[in-house]
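First the proteins, then the strands, lettered A, B, ... as listed; each starts at 1. These numbers come from the heavy atoms of this one structure, side chains and all, not from hydrogens, waters or symmetry mates.
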2 protein chains.
Amino acid sequence: MPAKTAKKPPLPADDETVEIAELGESLGFLLRIAQLRAFEAFFDELSALGLRPGEFTALWLVLRNPGMKQGAIARSLCIKPAHMTKLVDRLVTAGLIERVASPEDRRAVHLSLTPEGETFAAARKDDFLALHQAERGNLSEAEFSDLTRLLKKYSGLD
Amino acid sequence: MPAKTAKKPPLPADDETVEIAELGESLGFLLRIAQLRAFEAFFDELSALGLRPGEFTALWLVLRNPGMKQGAIARSLCIKPAHMTKLVDRLVTAGLIERVASPEDRRAVHLSLTPEGETFAAARKDDFLALHQAERGNLSEAEFSDLTRLLKKYSGLD
DNA sequence: CCAATTTAGTTTCCATGGAAACTTTATCCG
DNA sequence: CGGATAAAGTTTCCATGGAAACTAAATTGG
């Protein structure tokens with residue numbers, strides 16, 4: 001049986017070692033795996049919050065942009081309108097944010113934190129910073145900053 | 001109406017420009033946005049294929065690891081067993097791969113390409129390489145290679 | 001100023017993918 | 001050997017998120 005040359009030691013073919021081959025250069029694949037890791041970090045750190053990643057992110061953005069229209073928040077997070085409606089519903093039900101009808105445009109809705117939401121965000125600020133540490137994983141500070149810079153450039157967020 | 005100045009200068013608050021703030025340093029957020037871009041690249045390039053990213057990836061791995069057990073493929077792609085069953089079902093229905101009962105372990109299933117699958121993979125090899133180009137997007141060769149290296153390290157794929 | 005178009009958000013429906021329970025087979029250990 | 005446990009896949013059910021159709025309101029062109 002021909003030795004299945006893996007990258008490091010010339011492994012004999014066992015029935016578990018899979019040759020990833022070109023996938024190791026596939027950005028789509030690597031991004032998906034990396035996102036799984038990042039989700040793990042999120043839940044390790046913030047599972048006690050009762051918020052999922054999307055909800056947490058939206059809450060944070062409302063904190064930083066009080067009174068912004070729902071659609072503007074959704075676009076900046078690349079969340080589709082249909083999804084945003086449901087996400088905001090959950091945050092409203094949780095008592096963290098509120099919808100305010102726009103005086104100038106009666107179709108539009110402005111989002112802001114409730115007093116409970118303010119309290120919640122203030123209390124969780126440290127968790128958020130801890131999350132950034134946890135997200136770094138096994139990367140050095142410099143590697144982490146390279147990685148975020150490259151991802152921003154790739155995504156067109158510069 | 002005030003001119004809506006672009007992203008850079010210290011903007012007065014208009015009702016569309018959202019302050020991303022700390023999210024710009026959140027790896028989870030950046031990975032999600034980057035993955036959306038990568039999906040766009042995939043569909044721009046390979047939409048005519050009739051395969052979704054996961055199916056395409058699984059097919060490629062079976063091509064590179066013929067006869068491997070279904071579970072081993074699933075683990076290496078971080079696909080859960082339940083999902084893998086459905087994904088393989090679709091590829092079998094499409095006539096591209098086949099399940100072969102294992103002679104040593106009657107619970108296990110080995111996957112391999114059908115002749116149609118072989119033909120398909122051979123014909124699409126160039127598309128796969130073109131996809132890698134498309135995935136690079138606006139990154140230079142060096143940046144792309146840095147990015148994939150950092151993602152692999154972060155994901156523990158070294 | 002009114003019809004046509006566009007926009008904000010919601011609703012409904014569907015596809016993707018995970019969790020848990022289950023079936024069948026293999027392994028472990030007394 | 002034979003019961004307990006573990007493992008490979010599958011099935012069922014559920015949560016997440018997108019597409020399309022819809023409502024209501026704003027804008028635009030004639």
Under 3.5 Å, N/O pairs linking protein and nucleotides 8-15 of chain D:
from, atom 1, to, atom 2, distance (Å)
D:dG9, OP1, B:Val109, N, 2.9
D:dG9, OP1, B:Val109, O, 3.2
D:dG9, OP2, B:Gly71, N, 2.8
D:dT10, OP1, B:Arg99, NE, 3.2
D:dT10, OP2, B:Gln70, NE2, 2.9
D:dT10, OP2, B:Thr85, OG1, 2.9

Exercise for review: Treat each ILVMFWY residue as a node, draw an edge where side-chain heavy atoms are under 4.5 Å apart, and state whether A:Leu46 and A:Leu129 are in one component.
Suggested key: yes
**Study point:** Electrostatic pair B:Glu141:B:Arg136 at N-O distance under 4.0 angstrom
**Key:** yes
Check your understanding: Are A:Phe144 and B:Tyr154 close enough that their ring centers fall under 6.0 Å?
Key -> no
Check your understanding: Could you give the CG-to-P distance, from A:Leu111 to C:dA8, as a whole number of Å?
Key -> 14 Å
Revision key, fill the gap. note: B:Glu104, atom CD; D:dA7, atom C1'; distance rounded to Å ~ 15 Å
Study note, to complete from the structure: note: A:Leu36, atom CG; C:dA19, atom C1'; distance rounded to Å ~ 15 Å
Check your understanding: Expressed in angstrom and rounded to an integer, what is the separation of A:Met68 atom CE from C:dG9 atom P?
Key -> 12 Å
Review point. Can you name the side chain to side chain donor-acceptor pair (under 3.5 Å) partners of A:Glu104, sequence neighbours left out?
Key: none
Just the table, please: protein N/O against nucleotides 3-5 of chain C N/O, every pair under 3.5 Å.
none

Point to revise | Carboxylate-amine/guanidinium contact A:Asp146 A:Arg149, below 4.0 Å | key: yes
Revision key, fill the gap. Taken to the nearest whole Å, CZ/A:Phe39 to P/C:dG18 is 11 Å
Exercise for review: Name the orientation class of the two ring planes belonging to A:Phe42 and A:Phe56 (parallel below 30°, tilted from 30 to 60°, perpendicular beyond 60°).
Suggested key: perpendicular
**Study point:** A:Leu77 CG to D:dG17 C1', straight-line distance once rounded to whole Å
**Key:** 14 Å
Point to revise | Qualifying residue, where the test is side chain to side chain donor-acceptor pair (under 3.5 Å) with B:Ser102 and the options are B:Arg107, B:His110, B:Gln70 | key: B:His110
Point to revise | B:Val100 with B:Val88, same ILVMFWY side-chain cluster at under 4.5 Å | key: no
